[in-house]
Structures are given as C-alpha cells and as structure tokens.
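Structure first, commentary second.
First the proteins, then the strands, lettered A, B, ... as listed; each starts at 1. Only heavy atoms go into these numbers, but all of them, side chains included; no hydrogens, no water, no symmetry mates.
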Protein chains: 2
Amino acid sequence: MKLADKGELSLLERIRKRFKANAKDLIAGIGDDSAAIFPLDRALLLTTDLMTEGVHFDLDFSTYFQIGFKIISVNVSDIYAMGGTPRFVLLDVAAPGATDDSMLDSFFDGVRKAIDRYKVLLVGGDLSSSMVLTVSATVAGYALRPVTRSGARPGDGIFVTGSLGDSACGLELLKIINRPIAVESGDRMNRPLSWAAMRPLLIRHLLPEARRPGKISGVASAMIDVSDGLLIDLWRLCEESGVGARVFMRRLPVSPQMKKAATFLNLDPDFLASSGGEDYELLFTAPRGRKIANAHCIGEITDSERIVVERDGTERPFSHEGYQHWR
Amino acid sequence: MKLADKGELSLLERIRKRFKANAKDLIAGIGDDSAAIFPLDRALLLTTDLMTEGVHFDLDFSTYFQIGFKIISVNVSDIYAMGGTPRFVLLDVAAPGATDDSMLDSFFDGVRKAIDRYKVLLVGGDLSSSMVLTVSATVAGYALRPVTRSGARPGDGIFVTGSLGDSACGLELLKIINRPIAVESGDRMNRPLSWAAMRPLLIRHLLPEARRPGKISGVASAMIDVSDGLLIDLWRLCEESGVGARVFMRRLPVSPQMKKAATFLNLDPDFLASSGGEDYELLFTAPRGRKIANAHCIGEITDSERIVVERDGTERPFSHEGYQHWR
C-alpha cells in the first residue's frame with residue numbers, strides 16, 4: 001500500500017505505538033507539539049544531520065532499513081564525539097507519496113534497531129511528503145564534561161579509534177555490485193570479491209556503528225568524529241583549536257580487507273584512509289604520556305603547520321581534503 | 001556565484017560569523033559535533049519541522065527570505081504551543097549545487113530576521129547538497145510547566161488566539177498572482193485585489209509569525225498550534241485528551257480581508273477558517289470562567305462527540321479535516 005493511500009495520521013499512529021517511551025526524564029514524547037524533557041543536572045548536547053536521496057544514499061544500492069539505521073548512527077556519532085551519552089531522538093521523514101508503506105516499515109525497522117543499540121528514545125519529529133526521500137534526525141544527549149573540538153594543544157598526541165577508509169572502499173564496491181544488499185536479512189554475494197573480504201567494508205558503509213568513547217571522554221583534550229575524511233576532519237579540529245598537526249601516513253590503521261579490495265579496485269589505500277569519509281571513528285587528541293586503550297596514535301599536534309608525512313618520509317602540507325558538499 | 005563553486009566550508013564560515021552567539025547557558029555552538037547547552041532548572045522542549053520544495057513551498061511564489069523566516073516561525077510556534085520559551089535553534093539546509101549563493105544569503109537573512117524576532121540563538125546544524133531545496137529546523141526551549149495536548153477536560157472552553165483561514169486564503173491568491181512577492185523588501189501589487197486587501201493574507205502565508213502564549217500558558221489545560229487546519233488540530237487535541245468537542249462555526253474569528261478575498265475567489269470563508277492550514281494561531285482549552293484576554297471562545301469540550309454547529313444551527317460530526325500529507 002502506498003503512503004498516498006494511507007495518509008500521515010495512520011503512519012504517525014503506527015510509529016507512535018512502535019516507539020512508545022516511558023522514562024523519568026521524559027514529560028511528553030511523540031504526539032505533542034514538542035517533546036518535553038527534564039534535563040538531568042549536566043550539559044545537554046544537541047546535534048542534527050540530514051540525509052537525502054541522490055546525495056547521501058542511492059536507493060539503487062541501499063535498503064530502507066539501512067537508511068533508517070544510518071540516520072540514527074551518524075547523529076549518535078556526533079554526540080559520542082562530544083564525549084556524551086545520547087538520550088532522545090527527533091526524526092523528520094519526508095517521502096514521496098508513491099513510497100510503499102512496507103518500505104517505510106523497513107526504514108523504521110532500521111531506526112528501531114539503531115535506537116535499541118544506542119539505548120535512546122524516539123520522542124518526536126515530523127512526517128511529510130516530498131519529491132525525494134529525505135530524512136533528518138536530531139539527537140539530544142548529556143555530558144558531564146563536553147569534549148569540544150577546540151581543546152587540542154601543541155604536544156598532544158593525535159589518536160583514532162579504528163581502521164580508516166573501510167566505508168569509502170565499501171561504497172566503491174557497491175557501485176560495482178550496483179544493487180542493494182540486505183545484509184540485515186542475511187543477503188550476501190561473492191562478486192567481485194569473496195563475501196568474507198567484502199562484508200566488513202559493505203557493513204561499514206551501509207550500517208555504520210557509532211563509536212562509543214568510553215574512557216576516552218575523560219582523557220581527550222579535543223575530539224571529532226571522522227565523517228567526511230580524516231584530513232578534513234583533523235583540519236577542522238586544528239582550526240577550532242588554533243593549532244597545527246603532523247600525521248604519519250604509515251601509522252593510519254587500515255584493515256586487511258580494505259587493502260585487498262583497494263588493490264582490486266585499483267585505488268590507493270592511503271588515499272582512502274586519509275580522505276575517505278563515513279568511517280565514524282573518533283579522532284581525538286590527548287596529552288602525551290596518557291595511556292589510551294583501543295586507539296592508535298597517528299601523529300601529534302604542533303604549533304601551526306599541518307603536515308602529512310608520507311610513507312617514504314617526504315612531507316607535504318594538508319588542507320581540507322575530503323568530502324565537501326557542493327564541491 | 002553558485003554553491004558548487006564555493007563549497008560547504010566557505011558557506012559554514014559565513015554562517016558562523018553571522019550567527020555568533022555567546023550566552024551563559026551555551027557551552028559550544030556552531031562548529032562542533034553537537035551544540036552543548038547547560039539547561040536551566042526547568043523542562044526542556046524539543047521540536048523539529050521540515051520544509052521541502054514542491055510540498056511546503058514553491059520557489060515560483062516564495063522568496064528565499066520567506067522560506068528562511070518561515071522555517072524558524074513554524075518551529076517556534078510548536079514551542080509556544082507547549083507554553084514554552086524558545087531558546088536554541090539547529091538548522092539543516094540541503095540545497096542543489098546550482099543554487100546561487102546570493103539566494104542562500106537571502107535565506108539566511110530571513111533566518112536572521114526570525115531569530116532576532118524570537119530572541120533565539122542558532123547553535124548548530126548541517127549543510128548539504130540535495131536534489132531539491134529542503135530545510136529543517138530543531139528548536140529547543142524551556143517551560144516551567146509544559147502545556148501538553150492531553151489536559152482538556154469536559155466543560156473546558158475552547159479558544160483560539162486570532163483569525164483563521166487567512167494563510168490558506170493568501171496561498172490561493174498567490175496561485176493566481178503566480179510570482180514571488182518580496183514583501184520583506186517593499187514589493188507589492190494591486191491585482192487581483194487591492195494591496196490593502198491582500199497584504200495581511202499574503203504576509204500571513206509568506207511570513208507567518210508564531211503567537212507567543214504569554215499568560216495563556218498559565219491558564220490553558222491543553223494547547224496546540226493551528227498548523228494543518230482548525231478541525232484536524234482540534235481533533236488531535238481531543239484524541240490526546242480523550243474528549244469530545246462542540247465548535248460553533250459562527251464564532252470562528254475571521255478577518256474582513258479574508259471574507260472579501262474568499263468571496264472574490266469563490267471560496268467558502270467558513271471552509272477556509274475551519275480547514276485551512278498554516279495560521280499558527282494557538283488553539284487551547286481552559287476551565288470555564290477563566291478570563292482570557294485576546295482569545296476567542298469558539299466552543300467547549302464535551303465527553304466524546306466531536307460536533308461542528310453550522311451557522312444555521314445544524315450539527316455535523318467532524319473528524320480529521322485539514323491538511324494531511326500523502327492524502
């Protein structure tokens with residue numbers, strides 16, 4: 001059945017039943033003009049990100065489930081990148097009238113999955129028709145001590161929480177595969193590479209998980225999530241902190257699967273690792289000598305110059321290299 | 001110059017300079033992963049609304065300024081409808097690469113105008129490219145005592161803060177005029193009706209102002225803003241409160257300009273007043289006998305039946321009549 005046959009009220013009623021939330025800090029949720037929450041005695045974080053068809057996803061190789069999961073993950077990632085704990089979600093869904101309601105159900109299955117994963121509550125949002133599928137989420141969370149982008153100091157180490165370039169490499173594979181792969185329901189394939197080789201890369205792109213900072217929140221002097229690419233995001237952190245950076249290409253963590261697939265795709269793994277977007281790893285700085293579990297030191301903060309040291313030891317300045325909209 | 005020639009970072013920098021905010025309850029604003037705020041000791045309200053080209057606005061008869069102003073107003077209206085005070089705004093802007101940056105400037109002029117009007121701070125958001133212009137805002141605000149939709153009780157009076165149907169009537173005029181009217185820069189016209197007759201209707205549609213509840217917050221038992229139409233929004237309030245309503249058509253406040261234009265357009269003023277959307281008046285209930293300044297009593301809350309009493313005294317049940325997406 002198409003949305004055009006059912007209307008907004010019927011969809012809203014279904015969403016409301018599925019996402020019914022009761023919590024001590026929630027006064028009013030879905031179904032009122034605003035959500036009303038009673039903040040705990042700490043900083044409140046607010047973030048929003050939008051995804052639209054033809055730019056952030058392609059229905060030719062994404063399932064609705066994946067889009068639902070991802071819109072929550074990318075927003076939660078921004079809360080984590082402040083050292084916070086996500087708590088409430090508002091969701092705007094704008095979909096063409098010809099969208100089948102089973103597709104919307106699948107979208108909300110993905111939202112449900114992510115919401116359960118991150119232990120957050122859907123408390124409001126907006127439903128509307130549109131020319132192209134567009135979804136936007138706002139996530140509110142708490143932090144005892146928000147970790148901003150502006151606290152990096154010369155001498156701090158630069159760290160990243162996991163392998164880089166996997167998501168960008170997964171996207172390149174998808175362009176060749178050129179059909180949606182419903183990994184969430186066991187769908188798989190063995191071309192152009194084996195499923196074992198492709199799986200982690202595809203999942204990283206289609207169903208990215210935000211990286212919980214855990215103890216990093218307590219030691220990081222500055223933090224950002226890698227959404228547009230390591231170098232552009234590091235550049236952003238440097239801009240906010242008014243510092244420089246020296247990054248060693250040979251220290252960037254890359255997965256064996258990414259190296260293998262990049263070789264097959266005739267792409268440079270170093271390029272994918274340094275400029276590929278959507279890995280949603282945390283990139284942070286911390287005073288030297290702090291022991292950081294589960295993070296890779298990739299360089300250090302300097303006074304002003306922003307330098308990449310290539311594998312052969314040559315140095316080159318870097319600027320905002322990575323994904324920029326309208327570029 | 002087109003967005004495609006400048007890129008996201010350059011636009012972000014411009015926005016950031018224009019909307020620089022310093023406030024005691026703001027820890028981190030534009031330029032970090034999330035906004036970080038320190039909530040005052042009261043309920044926090046969160047709301048979001050999205051507007052997309054071809055559905056919520058038509059670039060053939062809206063200016064970018066108007067879209068910028070309106071996306072803030074419609075969200076602030078939801079905070080007011082909870083009896084709250086708006087405070088922080090996040091803004092998602094997704095625009096095609098071919099958009100001229102002077103148009104985006106004009107959009108942000110409208111945002112600026114609204115933000116100054118409502119005394120709120122822009123503290124974050126997301127910029128991206130898209131196939132069609134889509135904007136979405138999230139507004140956070142505070143309330144000492146949130147007024148939900150669910151507190152109406154049988155015997156309460158039903159009130160509305162101002163004239164109904166003006167915005168819908170303005171939209172019908174615009175469809176005839178069929179070009180943008182930049183009222184914000186003094187643009188005007190005298191066809192098909194005189195400017196004096198059309199002005200309030202057009203402004204109501206193009207640059208709607210959210211209605212500050214003031215003392216109403218202290219007396220209302222339930223409240224909602226009229227965004228989709230009086231009857232559908234009253235129906236929503238009744239649903240949430242588990243009550244009925246009796247509304248008198250002859251008591252609906254209508255402006256003389258709307259009556260005149262409706263006659264010219266061959267439309268029924270009563271229909272526009274009861275089912276036209278986007279007036280952003282507050283619709284609320286309050287215990288009988290409470291004195292309510294600046295509000296019109298249009299009926300009363302009953303146990304369960306939802307009835308419209310027509311001008312001739314005949315009664316008919318009403319359901320969710322008004323704007324519904326995908327219908």
Side-chain angles (χ1 to χ4, degrees), chain A residues 3-4 6-9 11 27-28 31-39 43-50 52-56 78-79 81-82 84 88 90 92 94 97 123-132 134 136 138 140-141 143 146 148-150 223-225 240 320 324-327, chain B residues 3-4 6-9 11 27-28 31-39 43-50 52-56 78-79 81-82 84 88 90 92 94 97 123-132 134 136 138 140-141 143 146 148-150 223-225 240 320 324-327:
Chain A
L3 288 179
K6 305 202 69 170
E8 177 187 349
L9 290 178
L11 177 59
I27 301 167
D32 223 307
D33 299 287
S34 302
I37 69 186
F38 204 85
L44 186 96
L45 307 175
L46 284 178
T47 189
T48 182
D49 258 324
L50 171 151
T52 185
E53 195 175 338
V55 176
H56 302 83
D78 280 325
I79 297 288
M82 297 291 286
F88 299 104
L90 304 177
D92 288 337
V123 296
D126 183 34
L127 298 171
S128 86
S129 48
S130 62
M131 318 277 272
V132 296
T134 303
S136 144
T138 296
T148 66
R149 295 179 182 175
S150 59
M223 187 149 59
I224 187 172
D225 65 330
E240 296 304 321
H320 34 78
Q324 247 204 87
H325 282 287
W326 303 304
R327 266 281 150 118
Chain B
L3 288 180
K6 306 202 67 172
E8 176 186 351
L9 290 176
L11 177 59
I27 302 167
D32 223 308
D33 299 286
S34 302
I37 68 184
F38 204 86
L44 186 94
L45 307 175
L46 284 178
T47 188
T48 182
D49 257 325
L50 173 150
T52 185
E53 194 176 339
V55 176
H56 301 83
D78 280 325
I79 297 288
M82 298 291 286
F88 298 105
L90 303 177
D92 289 336
V123 295
D126 183 34
L127 298 171
S128 86
S129 48
S130 63
M131 319 278 272
V132 295
T134 303
S136 144
T138 295
T148 66
R149 296 178 182 176
S150 57
M223 186 150 58
I224 188 172
D225 64 330
E240 295 304 318
H320 33 80
Q324 247 204 86
H325 283 285
W326 303 304
R327 265 285 150 115

If you measure from CG on A/D225 to CZ on A/R149, what distance do you get to the nearest 0.5 Å?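 Atom-to-atom, A/D225:CG and A/R149:CZ are 7.5 Å apart.
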
Given a strict heavy-atom distance threshold of 4.5 Å, which part of [X] is in contact with chain A: side chain, backbone, both, or neither?
X      : answer
B/I27  : side chain
B/A28  : side chain
B/A143 : neither
B/T52  : side chain

Which of the residues [options] is involved in the greatest number of heavy-atom pairs with chain B at under 4.5 angstrom?
options                        : result
A/G97, A/A94, A/G125, A/S129   : A/S129
A/A140, A/S128, A/P146, A/S136 : A/S128
A/G141, A/G84, A/A36           : A/A36
A/L45, A/D92, A/T134           : A/D92

Chain A contacts, top residue of [options] (heavy-atom pairs, under 4.5 Å):
options                    : result
B/L46, B/D32, B/I79, B/V55 : B/D32
B/L50, B/V123, B/T138      : B/L50
B/G54, B/S150, B/S130      : B/S130
B/H56, B/E240, B/E53       : B/E240

So does [Y] get a backbone contact from the side chain of [X], meaning a donor-acceptor N/O pair under 3.5 Å?
X      : Y     : answer
B/D126 : A/T48 : no
B/D78  : A/S34 : no
A/T47  : B/D33 : yes

